[in-house]
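Accompanying notes for the structure given below.
None of the values given here were measured: they were computed from a predicted structure.
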Amino acid sequence: MVESPPGQASELISGIHDSFSKNSEAEKKALIKKTNGIFELQVSNAAKETATWTIDLKKEGTVYKGNAKPKADVTIILSDETLTDLASGKLNGQKAFMTGKLKTKGNIMLATKLDTVLKVRHLPKLTKEQNSLVNFQSAKAKL
C-alpha cells in the first residue's frame, strides 16, 4: 500500500497504485505507450498541506510518493477536492484549468491525458487474446 497524501485524494491515489500493481506487463506496456509521460501531482488539502505524488507512465508504470525521478514531463498542482472531482467525472481537466483549480508546469498537452490516468482504476482487465496482441505489437515495434 502506498502512503496517503492529505485529504480525500489518498483513496484515489491508492486505487491507481493498486491498479498499476495488478496490471500484467502487457497492460502496463499498453498504458505506457498510450500515455508516454511522467506526471507529478502536487495535491494540497484544506489546511494547505501538500503531498507530492509521481505517476510514471513513461518507463515503469508505477505510482509513488515524492518528486519525480527522472524529472516529470508535467507537474500538476491542484487541491485534493479538485483531484477527486476530476476522477469522479464531476469536473473535466479543461474546465479545472480554465477556472484556475488546476495549474500546470511543463508539457500542458500531456496534462490533458490526466483524465485517462485517473480512470485507470476503472478499466476492465485485458483478455488473454488482447494481452497476446499487445505482446505481439510490442515485439513487432522492437524490430
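- The two residues L91 and A96 make their nearest non-hydrogen contact at CD2-CB, 3.7 Å.
- Interatomic distance, OG of S79 versus CG of D85, reported as 7.5 Å (0.5 Å rounding).
- In this structure, the separation between CG on N36 and CG on D73 is 7.5 Å, given to the nearest 0.5 Å.
- Across L86 and G93, no two heavy atoms sit closer than the pair CD2-N, 3.4 Å.
- Contact record, K28 with E60: CD-O, 4.0 Å, taken as the closest heavy-atom pair.
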Pair T54-V63, side-chain contact (heavy atoms from CB on, under 4.5 Å): steps then yes or no = CA-CA 6 Å; T54 298; V63 178; over 6 Å; no
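- L118 has its side chain within reach of L12: a pair of non-hydrogen atoms, C-beta onward, lies under 4.5 Å apart.
- Between the CG atom of L57 and the OG1 atom of T62 there is a distance of 8.0 Å, given to the nearest 0.5 Å.
- Follow the hydrophobic side-chain contacts under 4.5 Å out from I32 and you never reach I38; the two are in separate clusters.
- Contact check for K29 versus S24: no side-chain heavy atoms found under the 4.5 Å cut-off.
- What you find for A68 and E40 is that their closest heavy atoms are N-OE1, 2.9 Å.
- Here L78 contributes atom CG and K101 contributes atom NZ; the two are 11.0 Å apart, rounded to the nearest 0.5 Å.
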task = With side-chain contact (heavy atoms from CB on, under 4.5 Å) as the test, would you mind laying out the steps for I55 and Y64 before giving the verdict?
result = CA-CA 7 Å; I55 301 174; Y64 56 90; over 6 Å; no
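- Smallest separation of non-hydrogen atoms from V117 and F39: CG2-CE1, 3.7 Å.
- Atom NZ of K22 and atom CG of D18 lie 5.5 Å apart (nearest 0.5 Å).
- Here the straight-line distance linking atom CH2 of W53 with atom CD1 of I16 works out to 10.0 Å at 0.5 Å rounding.
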message = Could you go through L41 and T52, starting from their C-alpha distance and side-chain angles, then the distance that decides it, and tell me whether this counts as side-chain contact (heavy atoms from CB on, under 4.5 Å)?
response = CA-CA 6 Å; L41 302 176; T52 301; over 6 Å; no
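- Judged purely by atom type and a 3.5 angstrom limit, N23 has no side-chain atom pairing as donor or acceptor with the backbone of E27.
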request  = Assess whether side-chain contact (heavy atoms from CB on, under 4.5 Å) is satisfied between T104 and I77, documenting all intermediate values.
outcome  = CA-CA 6 Å; T104 64; I77 304 154; over 6 Å; no
